[in-house]
Amino acid sequence: MLKSIFKASLIMLAVTAFSCQSNQPLSEVFMPKFFGDHMVFQRNQPIRVWGDGTPGQRVVAKFNNQEKETEIDDNGNWMVEFEPMPASGPFVLDVNGKIIRDIQIGDVWVAGGQSNMEWVMSAQVEGLQEEIADSDYPLIRFFKIPHDYDAKEKSDVRGGEWKSANADNLMNFSAVAWFFAKRNHLEKGVPIGIIESNWGGTPAEGWTASEKLIDFPPYQEKAKDVLDRNDYWIQEIIDNKVRELKRNDLVAAPQNGEIKGVVNTNFDDSDWQTVNLPGDNPFSDIAWFRKKFTVTNIDNVSLNLGDIQQMAYIYLNGGRLLLKDYGDAVKEFTLPAGMIVKGENLLAVRIVNTWNNSPVLGKSGEFFVKSGGKKISLEGEWKYNNRIEEEIPKVEWYNWLPGMMYNAMIAPIVKYPIKGVIWYQGESNTGEHQHYKRLFSTMIQNWREAWGIGDFPFLFVQLANYMERKDVQPGSDWAFLREAQTQTLELPNTGMAVTIDVGNAGDIHPRNKKDVGLRLWQAAKKVAYGEDVIHTGPIFSSAEKQGEKIIVTFDFVGEGLQLSSGTEVKGFILAGEDGQFEAAKGKITGTNQIEVISSKVKNPVEVRYAWADNPEVNLYNSLSLPAVSFRQKIN
């Protein structure tokens, strides 16, 4: 009898305890900004939902007939985890009455790096019109993390929202990520989520947690300073962001100069400084320039300003002609007939360079007005004044410091399971190429450790060809950086897209992003999806000396090596015992072999391929993937 009463009492206590817990109030909850309508969760991984709330209160989350409940901890944090699911959707997530709709389960990729990954479709990408016409893919969604940096790890990103692919949204998508995501979706038939976390001009150390660099001498001092003086850096970054906000307000307010009449033909600029363009470049702050020119024929008059760095408002006879934004190319364009007059005209230009506060206007030989088929040079004297508007406040590039972008743009998303990463970066590290292999490898390992989901696929783009073409350039920083990228393939589950053939000598931002995205996808098929495919271009295997010749053997040739043009393999150089490199001739002699020889090198001891900033190359495998640059000494 007593035993029965005792058992009944225990049951009543358990029920009472459960009732008390159930009676706890539901907290108002706050979730990171990437929890929003149209989001994509990673398939076949735990579905995590987390955020902030009132300590001690409850969170009840409902998703796809699953219900999870938890109590908010003393620090105001909570997390629930739903069971993994296959690709499917749409679903609704309900967290304490907050509803998130149109959720898909698919593959989520982080698109990281600097400007060539950030480069949007609208910025004159090749094939844009074709992509606009074929852009309605509602199961492809992008989330763009705004630029941000901090001295401590953040729990949320600065802003952003999920956008489904259509003709309007496409324009602001990363072009490389778009071509990758579209092919991924079409071939695998699953929803694709792209989380863009990229920032132009940034080095890899800014994307790596500072504590991972304190034993790495090139970055040790700065990393240690960020950690040791953390309170100082937290406040200094706040102050720097305030200066940045003021700068941005000034940059975007041309009316501050317009209302003073500086764009008008009758404005008195006699007290302005006279400068010689383009020879006196660069200038500083918000730079205003004025110049008068005369035309006798006003039919089909065009203007070419040659070079503008980086943002400019351009005016003709008092009217605003156009805005040249960052990323826009400077091209010759026709002046509107209603703005040009026969006789004297006034050109005014307002230029700001937020990159380094060094505005530039004009380029020799490409700085003119064209009227009646004749060029009227704009080179020479211009009026100049950089005190029409406020001086630009000094804004430091603290985001380049170790860990700063990692803290604000990577740390907030590491709880969010992903399929993998696509990465395009390295240009900003070419000056320290000797450290890049270790730095890049450290960054990849750092991210994988932070996500805690194993060695997820990490696919990256090798630097494209760029700058003046030189046949022999053994000291190329860009070539050494490409070598460091190739060496990073020693890490498991990595893949590399070679772009040595799609660059532009005069533009660090080549507009051919389709080949880049598709080559990343080719690597993903092997590394991320386990397909039995050739996922890279030909890679050096061995080199053997045969008299004055070198026989080079490649792996990953598919059905055999091939040339995109001509009958001779371009891009080889040889060095003899004196260390002097000479251009060499190459000839395909087998499915996977090339014979290399130079009449100027009788006893070759080293061979290099595509070893220059901007080498001329024509060697591919049967899948039309370009060969990987290399250097090799020969015994």
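If you read the sequence from its start, that first residue is 1, and numbering goes on from there.
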Contacts satisfying ring pair (Phe, Tyr, Trp, His ring centres under 6.0 Å) that involve residues 260-291 (not counting sequence neighbours) are Phe267-Trp272, Phe283-Phe289, Phe283-Tyr384, Trp288-Tyr315, Phe289-Tyr384
Residue pairs passing the ring pair (Phe, Tyr, Trp, His ring centres under 6.0 Å) test with at least one member in residues 292-314, sequence neighbours excluded, are none
Has [X] got a side-chain atom pairing as donor or acceptor with [Y]'s backbone, closer than 3.5 angstrom?
{"X": "Asp148", "Y": "Ala408", "value": "no"}
{"X": "Asn621", "Y": "Leu625", "value": "yes"}
{"X": "Glu118", "Y": "Gly200", "value": "yes"}
{"X": "Glu582", "Y": "Ser598", "value": "no"}
{"X": "Asn614", "Y": "Met467", "value": "yes"}
{"X": "Asp501", "Y": "Leu619", "value": "no"}
{"X": "Arg482", "Y": "Ala464", "value": "yes"}
{"X": "Trp382", "Y": "Lys291", "value": "no"}

Is there a donor in the side chain of [X] and an acceptor in the side chain of [Y], or the other way round, less than 3.5 Å apart?
{"X": "Asn429", "Y": "Glu205", "answer": "yes"}
{"X": "Lys513", "Y": "Asn116", "answer": "yes"}
{"X": "Gln462", "Y": "Thr486", "answer": "yes"}
{"X": "Gln425", "Y": "Trp207", "answer": "no"}
{"X": "Gln310", "Y": "Thr354", "answer": "yes"}
{"X": "Asn240", "Y": "Lys394", "answer": "no"}
{"X": "Ser476", "Y": "Asp613", "answer": "yes"}

Please tabulate, one pair per line, all N/O donor-acceptor pairs under 3.5 Å involving side-chain atoms of residues 331-344, not counting sequence neighbours.
unit_1 : atom_1 : unit_2 : atom_2 : d
Glu332 : OE2    : Ser302 : OG     : 2.7
Glu332 : OE2    : Lys370 : NZ     : 3.4

Relative to the ring of His433, is the ring of Phe480 parallel (under 30°), tilted (30 to 60°) or perpendicular (over 60°)?
parallel
Open item on the list: Can you classify the ring geometry of Tyr326 versus His509 as parallel (below 30°), tilted (30 to 60°) or perpendicular (above 60°)?
Closed with: perpendicular
So, for [X] and [Y], which heavy atoms are closest and what is the spacing to 0.1 Å?
{"X": "Val461", "Y": "Thr499", "result": "CG1-CG2, 3.6 Å"}
{"X": "Ser564", "Y": "Val617", "result": "OG-O, 4.5 Å"}
{"X": "Asn386", "Y": "Asp285", "result": "ND2-OD2, 4.0 Å"}
{"X": "Ala479", "Y": "Ala612", "result": "CB-N, 3.8 Å"}

Would you call [X] and [Y] a side-chain contact if the rule is heavy atoms closer than 4.5 Å?
{"X": "Val301", "Y": "Asn297", "answer": "no"}
{"X": "Met117", "Y": "Ile422", "answer": "yes"}
{"X": "Val330", "Y": "Glu366", "answer": "no"}
{"X": "Lys324", "Y": "Ile351", "answer": "no"}

Rounding to 0.5 Å, atoms CD (Glu396) and CG (Leu401) come to a distance of 9.5 Å
**Report entry** salt bridge (charged side-chain N to carboxylate O under 4.0 Å, His left out) between Glu161 and Lys163, intermediate numbers included
**Finding:** CA-CA 6 Å; Glu161 59 181 316; Lys163 298 282 190 179; 3.5 Å; yes
